[in-house]
Amino acid sequence: MVRQYWLMKSEPEAYSFDDLMAEKNRTDHWDGIRNYQARNFMMEMRQGDAILFYHSSTNPPHVAGIAEVASEAYPDHTSWDRKAKYYDLKSTPENPRWYMVDIRGVRKLEIPVPLEALKANPRLKGMRVVQKGQRLSVQPVLRKEFEEVQRMAKVLSKKTSSR
DNA sequence: GCCAACGTTGGC
DNA sequence: GCCAACGTTGGC
């Protein structure tokens with residue numbers, strides 16, 4: 001049962017939605033979050049919550065697919081791994097500072113929904129991702145926004161295929 | 001590659 | 001607790 005809705009960003013060159021779908025059980029852990037607000041949102045996530053998987057730093061930026069929360073937050077062990085990219089010396093196994101969740105790919109959108117289209121849709125005005133300066137890589141979305149993005153993907157794909 | 005908008009750090 | 005300096009994000 002879906003409880004809450006989220007949007008998570010990833011740079012596709014680093015990790016794309018297709019990469020997630022290619023994982024065993026289409027499931028992977030979401031490590032490397034080093035922002036308190038994003039971490040706190042992840043700690044609110046419950047199994048079955050739905051996720052818009054967003055590709056940032058690509059042209060054009062877009063929502064690529066739907067995922068779901070596969071496990072609730074648990075300590076991000078890469079935070080105390082000296083060799084890891086996002087090592088934080090203030091995080092320890094005894095006192096973890098950073099957390100991660102597991103997410104599972106559900107389905108790829110019929111067609112990616114570009115940021116420009118999100119911005120042009122007045123129903124999505126409240127989404128953080130369309131607002132200037134909102135860099136948060138994990139953010140809550142409303143159910144109606146989540147459903148609107150899915151609807152847009154359907155509409156866009158019909159337009160494309162009828163040409 | 002630029003740069004605006006943020007978040008974090010650390011001296012005071 | 002203030003705030004300057006610095007680092008990062010991410011659209012363009």
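Only this structure's heavy atoms are used, side chains among them; waters, hydrogens and symmetry mates stay out. Naming: A, B, ... by sequence-line order, numbering from 1 per chain.
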Item to complete: Starting at atom CD of A/Q37, determine the distance to atom P of B/dC6, rounded to an integer number of angstrom.
Response: 11 Å
Fill in: Minimum-distance pair of heavy atoms, taken over all atoms of A/T78 and A/A84
O-CB, 3.3 Å
Worksheet entry | Rounded interatomic separation in angstrom, taking CG from A/N35 and P from B/dT9 | 11 Å
Worksheet item: Is the number of heavy atoms from other residues, nucleotides or ligands within 6.0 Å of CD (A/Q131) greater than 12?
Response: yes
I'd like a table of atom pairs between the protein and nucleotides 2-5 of chain C - only N or O on both sides, under 3.5 Å - with the distance next to each one.
none

Worksheet entry | Main-chain N/O of A/F17 paired with A/H55 side-chain donor or acceptor, under 3.5 Å | yes
N/O contacts under 3.5 Å, protein versus nucleotides 10-12 of chain C?
unit_1, atom_1, unit_2, atom_2, d
C/dG10, OP1, A/K9, NZ, 3.0
C/dG10, OP1, A/R135, O, 2.4
C/dG11, OP1, A/Y54, OH, 2.7
C/dG11, OP2, A/S57, N, 3.0
C/dC12, OP1, A/K119, NZ, 2.7

Discussion item. Between A/W98 and A/Y36, is the ring centroid distance below 6.0 Å?
Written reply: yes
Item to complete: Using heavy atoms and a sub-4.0 Å distance, could you list which residues of residues 76-99 of chain A are near DNA chain C? By number, please.
Response: none
Worksheet item: What orientation do A/Y15 and A/W30 show, parallel under 30°, tilted 30 to 60°, or perpendicular over 60°?
Response: perpendicular
Practice prompt. Would you mind reading off the distance between A/M8 atom CE and C/dT9 atom P, rounded to a whole angstrom?
Written response: 15 Å
Discussion item. Side chains of A/Y74 and A/D102 only: does a donor on one sit below 3.5 Å from an acceptor on the other?
Written reply: yes
Discussion item. Does A/R128, at its CZ atom, have more than 12 non-hydrogen atoms belonging to other residues, nucleotides or ligands within less than 6.0 Å?
Written reply: yes
Worksheet item: For A/A50 and A/F146, which heavy atoms make the closest approach, and how far apart are they?
Response: CB-CZ, 3.5 Å
Worksheet item: In whole angstrom, what separates A/R128's CZ from B/dC6's P?
Response: 11 Å
Worksheet entry | Nearest non-hydrogen partners of A/D49 and A/Q4, listed with the distance | OD1-N, 3.1 Å
Item to complete: Decide yes or no for A/Q150 and A/R107: does some side-chain heavy atom of the first lie under 4.5 Å from some side-chain heavy atom of the second?
Response: yes
Worksheet entry | side-chain contact (heavy atoms from CB on, under 4.5 Å) between A/E145 and A/L7, intermediate numbers included | CA-CA 10 Å; A/E145 294 164 343; A/L7 180 146; over 6 Å; no
Worksheet entry | Nearest-Å distance for atom pair CD/C1', residues A/Q139 and B/dG7 | 16 Å
